[in-house]
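In what follows, a single structure is set out as structure tokens and then discussed.
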Amino acid sequence: MMTAILLMGAAFSVCAEEAQDMAGECKIKVNIYGDDKKKMLDDINRTMWETVFKGGFVEVTTPDGRPCQGIYIQWGQEPVDVVIQVPGEKDKEWVDVKTCTDRYYNQYIPFDEPLSHFRMQSVRKDVQMGIIKLHVFSQGQLPQWVQRWQPFEGRADLMVLTAHPDDELLFMGGVIPYYNTVEEKNVIDVHVVRMAGYRKTELLNGLWHCGVKAYPELPGGKFPDKYTMGKKECLNIWGEEKLLEYVTEMIRKYQPDVIVTHDVEGEYGHGAHKACCYAVQKCVEYAADPKKYPASAKEYGVWQVKKAYIHLYEGDLGQIDFDWRQPMEAFDGKTIHDVTSEAFELHQSQYVTGTYAVEDFGLYDNSLFGLYYSTVGPDTGMNDLFENIE
């Protein structure tokens with residue numbers, strides 16, 4: 001009996017050990033058309049290994065044959081479908097053992113069985129691969145920071161629509177961590193501006209730290225990142241109708257009860273922020289009109305948003321002043337402000353500039369939101385985005 005207990009204890013100890021990232025110790029081989037492979041092992045988000053020509057592979061041999069339970073990839077270019085291969089009976093043959101079609105910019109690929117020598121190959125030979133960071137994990141419990149994203153399911157309670165990655169923290173403050181993790185609402189984070197791959201992986205790092213597990217709607221290729229001070233100038237670059245059609249589609253696709261977006265004046269005046277606010281103001285009504293943008297109405301149906309809030313807005317329907325400084329059990333006693341500030345630090349390329357900070361005071365107070373649009377009546381001072389919504 002005692003022997004059995006000891007064996008069970010030993011097994012539990014092994015299971016409880018945290019998996020280690022072995023990538024720095026692994027022998028890594030890439031196809032001859034690949035850029036410097038060291039770039040996928042450093043800690044700099046702006047650097048990445050990429051194939052000079054289309055197609056490519058990454059071959060990994062673990063140190064001392066230690067088994068690997070999976071790999072974690074932070075993509076620097078559009079994620080691609082990949083196949084995991086192992087050596088066949090003949091040295092030059094490779095056998096497919098797993099295909100992964102989940103296209104997440106930060107992507108964990110678990111192996112069906114431990115591997116010590118394998119290759120990751122792009123399924124399509126006509127696309128390039130770009131990897132910011134490759135992690136190779138030994139057996140054990142994965143660290144919490146390893147992101148295992150899930151597709152967004154169901155209908156959204158709350159949509160946070162902003163221009164750039166990091167705006168959801170700087171100007172929306174604790175809205176996402178509070179409602180997603182503390183209140184356990186179904187929250188979808190939607191971005192508009194087209195951004196480089198490293199900005200997207202930083203966005204995911206920040207959202208994961210806030211407790212988000214449902215994959216956000218990442219910036220696509222429609223709306224380029226060009227700084228303007230005027231809404232009109234931004235709309236001329238993007239195309240006003242194209243923006244309104246996109247935001248209407250997002251509302252119909254996710255069917256949120258509540259939307260939160262940028263300040264009318266674009267916080268510090270950014271034209272893209274102003275354009276996003278303008279689009280939400282228009283599209284909360286467009287989304288309910290079947291005559292507006294019938295393609296998305298046919299695909300998703302029309303949708304009536306119940307409430308829309310604008311950062312810093314002062315109107316007749318009420319204003320919310322959140323207190324982000326209260327400790328939260330869901331975050332082990334940290335305040336929402338603490339969590340949001342830590343998440344912003346993970347936006348490595350933006351945080352190091354020192355230009356911006358997460359502030360729940362001053363000109364861009366991220367705790368103040370005004371009710372712009374409502375089908376359920378005005379707010380009465382409860383400081384809750386979902387007041388009057390059953």
Side-chain angles (χ1 to χ4, degrees), residues 155-164 166-192 207 210 212 216-217 231 244 247-248 250-252 254-268 270 272-288 303-324 336-337 340 358-390:
R155 186 182 62 76
D157 299 310
L158 172 64
M159 174 183 288
V160 177
L161 187 144
T162 55
H164 315 87
D166 77 10
D167 289 339
E168 77 288 349
L169 301 171
L170 289 172
F171 306 116
M172 305 303 111
V175 167
I176 289 178
Y178 178 72
Y179 281 101
N180 179 88
T181 308
V182 176
E183 291 295 317
E184 298 184 340
K185 298 290 188 183
N186 213 14
V187 179
I188 182 65
D189 182 38
V190 176
H191 290 268
V192 175
L207 290 176
C210 291
V212 178
E217 186 75 40
K231 177 185 71 179
L244 295 177
V247 174
T248 299
M250 290 298 99
I251 294 173
R252 289 169 172 170
Y254 292 107
Q255 303 178 350
D257 285 333
V258 181
I259 300 179
V260 178
T261 193
H262 284 288
D263 168 37
V264 173
E265 298 302 323
E267 280 82 28
Y268 55 91
H270 200 306
H273 297 189
K274 295 177 183 179
C276 286
C277 180
Y278 168 77
V280 168
Q281 290 174 297
K282 291 286 187 180
C283 295
V284 287
E285 295 185 355
Y286 287 177
W303 182 252
Q304 179 64 68
V305 175
K306 294 181 176 65
K307 301 172 81 174
Y309 286 87
I310 293 175
H311 182 216
L312 302 177
Y313 185 74
E314 296 181 15
D316 298 332
L317 296 177
Q319 190 177 51
I320 288 178
D321 186 357
F322 286 109
D323 181 1
W324 300 137
I336 296 296
H337 179 75
T340 309
V358 176
E359 296 178 346
D360 53 353
F361 58 87
L363 289 176
Y364 314 127
D365 187 343
N366 64 33
S367 65
L368 289 178
F369 298 88
L371 182 57
Y372 166 79
Y373 175 89
S374 176
T375 64
V376 295
D379 284 352
T380 62
M382 293 177 62
N383 281 350
D384 182 10
L385 299 178
F386 291 87
E387 181 181 354
N388 298 325
I389 296 178
E390 295 182 1

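Note that the numbering runs from 1 along the sequence shown for the chain. Note that the structure is predicted; figures quoted are calculated from it, not measured.
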Gap between atom [atom2] of [Y] and atom [atom1] of [X] - 0.5 Å precision:
X	Y	atom1	atom2	value
K274	E265	NZ	CD	5.5 Å
Q319	Y309	CD	OH	10.5 Å
E217	L161	CD	CG	10.0 Å
L368	E314	CG	CD	8.5 Å
Q255	I188	CD	CD1	12.5 Å
E285	Q304	CD	CD	8.0 Å

- Message: Suppose we screen for side-chain contact (heavy atoms from CB on, under 4.5 Å). Which residues come up paired with A287, at least two apart in sequence or across chains?
- Response: T248, I251, R252

Considering only heavy atoms from C-beta outward, does the side chain of [X] approach that of [Y] to under 4.5 Å?
X	Y	result
L385	Y179	yes
L170	N366	no
N180	C210	no
P177	T340	yes
V358	H337	yes
V258	V305	no
V212	D189	no
I310	V264	yes

- Query: Between the side chains of T162 and H262, is a donor N or O closer than 3.5 angstrom to an acceptor N or O?
  - Reply: no

- Message: Looking at N383 and I320, would you say the former's side chain and the latter's main chain have a donor-acceptor pair under 3.5 Å?
- Response: no

- Message: Let's go through E183 and F386 carefully: what are the C-alpha distance in whole Å and the side-chain angles of both, what is the deciding distance for side-chain contact (heavy atoms from CB on, under 4.5 Å) to 0.1 Å, and is it a yes or a no?
- Response: CA-CA 11 Å; E183 291 295 317; F386 291 87; over 6 Å; no

- For the pair F322 and F369, name the ring-plane relationship: parallel under 30°, tilted 30 to 60°, perpendicular over 60°. perpendicular

- Parallel, tilted or perpendicular, as decided by the 30° and 60° cut-offs, for the rings of Y268 and F171: tilted

- For H311 and H273, what are the C-alpha separation, side-chain angles and deciding distance, and is it a ring-ring contact (aromatic ring centres under 6.0 Å, His included)? CA-CA 11 Å; H311 182 216; H273 297 189; 9.5 Å; no

Grab the two heavy atoms, one from [X] and one from [Y], that are nearest each other, plus how far apart they are.
X	Y	value
L244	A279	CD2-CA, 3.7 Å
I336	G174	CG2-CA, 3.3 Å
L207	P216	CD1-CG, 3.7 Å
V160	I176	CG2-CG1, 3.8 Å
A308	V280	CB-CG1, 4.5 Å
V376	S374	N-OG, 3.0 Å

- Query: salt bridge (charged side-chain N to carboxylate O under 4.0 Å, His left out) with D360: which residues, sequence neighbours excluded?
  - Reply: R325

- Task: Please indicate whether E184 has more than 12 foreign heavy atoms, meaning atoms of other residues, nucleotides or ligands, lying under 6.0 Å from its CD.
- Result: no

- Could you tell me which residues satisfy side-chain hydrogen bond (donor to acceptor under 3.5 Å, both in side chains) with D365, sequence neighbours excluded, listed by chain and number? S367

- Taking only residues two or more places apart in sequence or in another chain, which ones pass side-chain hydrogen bond (donor to acceptor under 3.5 Å, both in side chains) with Y364? none

- Message: Just to verify, what does Y372 make a ring pair (Phe, Tyr, Trp, His ring centres under 6.0 Å) with, not counting sequence neighbours?
- Response: Y313

- Please identify each residue that fulfils ring pair (Phe, Tyr, Trp, His ring centres under 6.0 Å) with Y373, with sequence neighbours left out. none

- Have a look at K307 and tell me which of T375, D379, D257, N388 forms a side chain to side chain donor-acceptor pair (under 3.5 Å) with it. D379

